[in-house]
Amino acid sequence: MAMTRRPIGELRSQRWFASDDMRGFAHRQRTQQMGLRREEFLGKPVVAIVNTWSDLSPCHSHLRDRAEAVKRGVWQAGGYPVELPALSVGEVMVKPTTMLYRNFLAMEVEELLRSHPIDGAVLLGGCDKSTPGLLMGAISMDIPVIYCPAGPMSNGQWRGQKTGAGTHTKKYWDELRAGNITQGDWVDLESRMTRSIGTCNTMGTASTMTSIVDAMGLTLPGASSIPAADSGHPRMASLCGERIVEMIWQDWKPSRFLDARGFRNGLVTYMALGGSTNAAVHLIAMARRAGVDLTLDDMADMAAKVPVCANLFPSGEYLMEDFYFAGGLLALLKKLEGHLDRDAMTVNGRTLGENIAGAECWNDDVIRGEDDPIVPLSRGKTLALLRGNLAPNGAVMKSSAANPKFLKHVGPALVFDSPAEMNRMIDDPDLDITEDTVLVLRNAGPVGAPGMPEWGNLPIPKKLLKQGVRDMVRICDGRMSGTHYGTCILHVAPEAAVGGPLGLLRTGDLVALDVEAGRLDMKVEEAELERRRAAWKPTAHVYGRSFAALYQRHVSQADQGCDFDFLSAPGPVAEPSIF
């Protein structure tokens, strides 16, 4: 699409650099202090490279190199690149959970871009919360941006078997606890499952979110599928640098193209990939920043139409590198174009339909169509929405990753108030538990934990593992890793810590799950629930200071996106004063 190039005087950066007063002199002077000639930055668009690199974020360990590739593209296109470090939110090392800091990153990105002379930005991220965090801040700031995904790691293999990060960690941990592999096997696995730079190579939260924003038009087309170690990855990063300069001249910012159509395309992608339940929280938060009305019901409606078509762990049998060689995201979207809004615009100035027009699939077993899905809708869905007297505002589960026999189930609850309590009790050989028991962990939500950690894939008790049990109904007001699987009901809202009915459940109460009917209930008389409600007292720790205190006071519930109340609404913020 043809766009008019705006004059240099309209760029934000010129408020800092173009004036003849003392303050403009100081900005130019200090830039030259860093060794730049005036000609290298004056009269050029200023591009921020917001980099979530960290030595404690293995998924992002290559992003310093990718920042250099972005700079090459910016310089070539006539821009002035500046690298700005941002909170890494690397999933593995950050405790208690990166979700506690997603909103921190969103705030940091928005204020980095607002407070500096920035005309547009390339956002470097990929690990789970970095994608929504970076984009929430960028959408709110509303200057031209491109998301440059870190890319998935290379395929893993152990003793002739494909191994996917996260998915097989959980699988082999259960086998170790059951006595089916040795401690030596477990140690050997450490060095073999994650064999390159990049994000998880399964369809976990990282590739779920990068693929979704790719389909929404926020990356260069197909960028999310390129493996981190592939030479095409730095070339893609350089193209991001080149394109962002064009976007700045065209004022091609999110508010000009990111609308309900883009989010719809993201939902189609989410469901076809068998993506992580975590995306439900992130997409609502991103949509609210963009002024788009998106609900759990919208997601459930799409999940009922689009089956799991990507044959990827944990729903299938392949890994992200296989997906890339089979044609990647563009090939999947081509097979699903009947569900897509092909007129939705993207960062490259073209429609999604134009971007996928020439896409081809090279392996129909890895990337399947609706006529041969890896999980038919009759077997399960990427996202099932449940409501009832245990979850009035909703809970979610990935029914496609559950044992079908548990999709309609009634069993007695075994309730834990904390992970510490659960860990003390779960492997007690005298624990009164069977395969029909419903395991419940509460106080794991946004306020209760705080931060809604990935505690929802509750461990199967060792005595049941030894009997061959590998799945049970599990309920939590927290989240679950996107690499995991099982009959896990998550994001129960409202959470126990703020008075949600999950806090009223007691060990021994019967819990009824009916996924087809969308119901999650405890079989307790209303009069008894009223008595419990009157006696209920909060048990979650309340922080008096630190970021956790701010989080607990202002975070919304899971069904509302877990954003802060003072940030979630769209709308302009005044440009900073310069005197």
Side-chain angles (χ1 to χ4, degrees), residues 91-92 94-99 128-129 163-178 193 200 202-208 274-281 312-315 380 382-384 386 391 395-403 406-407 409 411 413-423 425-427 433 435 437-446 448-449 451-462 464-465 469-492 495-496 502 511 513 515 520 558:
E91 195 66 29
V92 179
V94 175
K95 306 302 177 193
T97 170
T98 53
M99 187 63 182
D128 299 11
K129 312 308 174 298
T163 54
T167 297
H168 285 84
T169 302
K170 180 67 169 63
K171 174 185 174 181
Y172 286 121
W173 173 243
D174 282 348
E175 297 309 313
L176 177 68
R177 293 172 66 229
M193 286 178 64
C200 290
T202 54
M203 187 42 64
T205 305
S207 284
T208 297
S276 165
T277 49
N278 288 312
V281 175
L312 299 168
F313 282 114
S315 296
T382 295
L383 194 78
L386 307 167
V396 302
M397 70 176 294
K398 187 190 289 192
S399 60
S400 62
N403 188 325
F406 291 122
L407 297 182
H409 180 79
L414 177 58
V415 181
F416 301 107
D417 283 319
S418 70
E421 179 187 31
M422 179 182 67
N423 290 339
M425 297 174 60
I426 199 72
D427 286 336
I433 193 169
E435 184 182 22
T437 301
V438 176
L439 293 176
V440 178
L441 175 64
R442 61 192 178 199
N443 298 315
M452 205 182 176
E454 292 180 339
W455 293 344
N457 193 248
L458 311 185
I460 307 295
K462 188 180 291 186
L464 295 183
L465 287 172
V469 174
R470 292 297 183 271
D471 196 10
M472 299 173 68
V473 177
R474 287 159 278 179
I475 301 174
C476 186
D477 47 11
R479 298 176 300 111
M480 178 177 79
S481 169
T483 64
H484 289 176
Y485 50 89
T487 312
C488 298
I489 299 160
L490 311 156
H491 308 185
V492 174
E495 63 176 303
L502 192 66
V511 174
L513 167 66
V515 174
L520 180 66

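For the single chain, residues carry numbers from 1 onward in sequence order.
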field: Donor-acceptor contact below 3.5 Å, side chain Glu495 vs main chain Gly448
entry: yes

query: Nearest heavy-atom pair of Ser315 and Lys398: which atoms, and what distance?
result: OG-CD, 4.4 Å

field: Set of residues satisfying salt bridge (charged side-chain N to carboxylate O under 4.0 Å, His left out) with respect to Asp471, sequence neighbours excluded
entry: Arg474

message: I'd like to know if the side chain of Arg442 and the backbone of Leu502 have a donor-acceptor N/O pair within less than 3.5 Å.
response: yes

query: By side-chain hydrogen bond (donor to acceptor under 3.5 Å, both in side chains), which residues pair with Asn423, not counting sequence neighbours?
result: none

- line: Given the options Ile475, Val415, Thr487, Leu513, Val438 meets side-chain contact (heavy atoms from CB on, under 4.5 Å) only with Ile475

query: Quick one: side-chain contact (heavy atoms from CB on, under 4.5 Å) partners of Thr97, sequence neighbours excluded?
result: Met99, Leu100, Pro453, Arg479

- request: Just jot down the salt bridge (charged side-chain N to carboxylate O under 4.0 Å, His left out) partners of Glu91, sequence neighbours excluded, or say none.
  value: Lys129

message: Under the side-chain contact (heavy atoms from CB on, under 4.5 Å) test against Val473, which residue among Ile489, Thr437, Leu458 passes?
response: Ile489

- request: Only counting residues at least two apart or in another chain, list the ones meeting ring-ring contact (aromatic ring centres under 6.0 Å, His included) with Tyr485.
  value: none

field: Nearest heavy atoms of Ala391 and Ala395, plus distance in Å
entry: CB-CB, 3.9 Å

- line: Taken in chain and number order and not counting sequence neighbours, the residues that satisfy side-chain contact (heavy atoms from CB on, under 4.5 Å) with Val94 are Thr98, Tyr101

Intermediate values then yes/no, side chain to side chain contact (heavy atoms under 4.5 Å, CB included), Ile460 and Ile426: CA-CA 8 Å; Ile460 307 295; Ile426 199 72; over 6 Å; no

task: For Thr169, check side-chain hydrogen bond (donor to acceptor under 3.5 Å, both in side chains) against everything at least two apart and list the hits.
output: none

- prompt: Which heavy atom in Met397 sits nearest to a heavy atom in Ala402, and how many Å separate them?
  reply: CE-CB, 4.0 Å

field: Leu176 side, atom CG; Lys171 side, atom NZ - distance, nearest 0.5 Å
entry: 14.0 Å

- request: Would you please name every residue forming a side-chain hydrogen bond (donor to acceptor under 3.5 Å, both in side chains) with Thr205, sequence neighbours left out?
  value: Ser276, Asn278

task: Of all the heavy-atom pairs spanning Val281 and Met452, show the shortest one and how long it is.
output: CG2-CE, 4.4 Å

- prompt: Can you name the closest pair of heavy atoms from Ala384 and Val515 and give their distance?
  reply: CB-CG1, 3.9 Å

task: List in chain and number order the residues that pass salt bridge (charged side-chain N to carboxylate O under 4.0 Å, His left out) with Glu175, two or more places apart in sequence or in another chain; answer none if no residue qualifies.
output: Arg470

task: Return the set of residues passing salt bridge (charged side-chain N to carboxylate O under 4.0 Å, His left out) with Lys462 (not counting sequence neighbours), or none when no residue passes.
output: none

Distance-minimising heavy-atom pair for Met472 and Pro461: SD-CD, 3.9 Å

query: Is the side chain of Asp477 donor-acceptor paired with the backbone N or O of Ala444 at a distance under 3.5 Å, no angle test?
result: yes

task: Look only at the side chain of Asn443 and the backbone of Asp417, and say whether a donor-acceptor pair between them is shorter than 3.5 Å.
output: yes

message: Would you compute the distance between atom CD1 of Ile433 and atom CG of Leu414 and round it to the nearest 0.5 angstrom?
response: 5.0 Å

task: Can you sort out the partners of Phe406 under ring-ring contact (aromatic ring centres under 6.0 Å, His included), two or more places apart, ordered by chain and number?
output: His409

task: Would you mind reporting whether Ser399 and Leu407 have side-chain heavy atoms less than 4.5 Å apart?
output: yes

field: With sequence neighbours excluded, residues passing side-chain contact (heavy atoms from CB on, under 4.5 Å) with Thr202
entry: Thr167, Cys200, Phe313, Leu319, Thr483

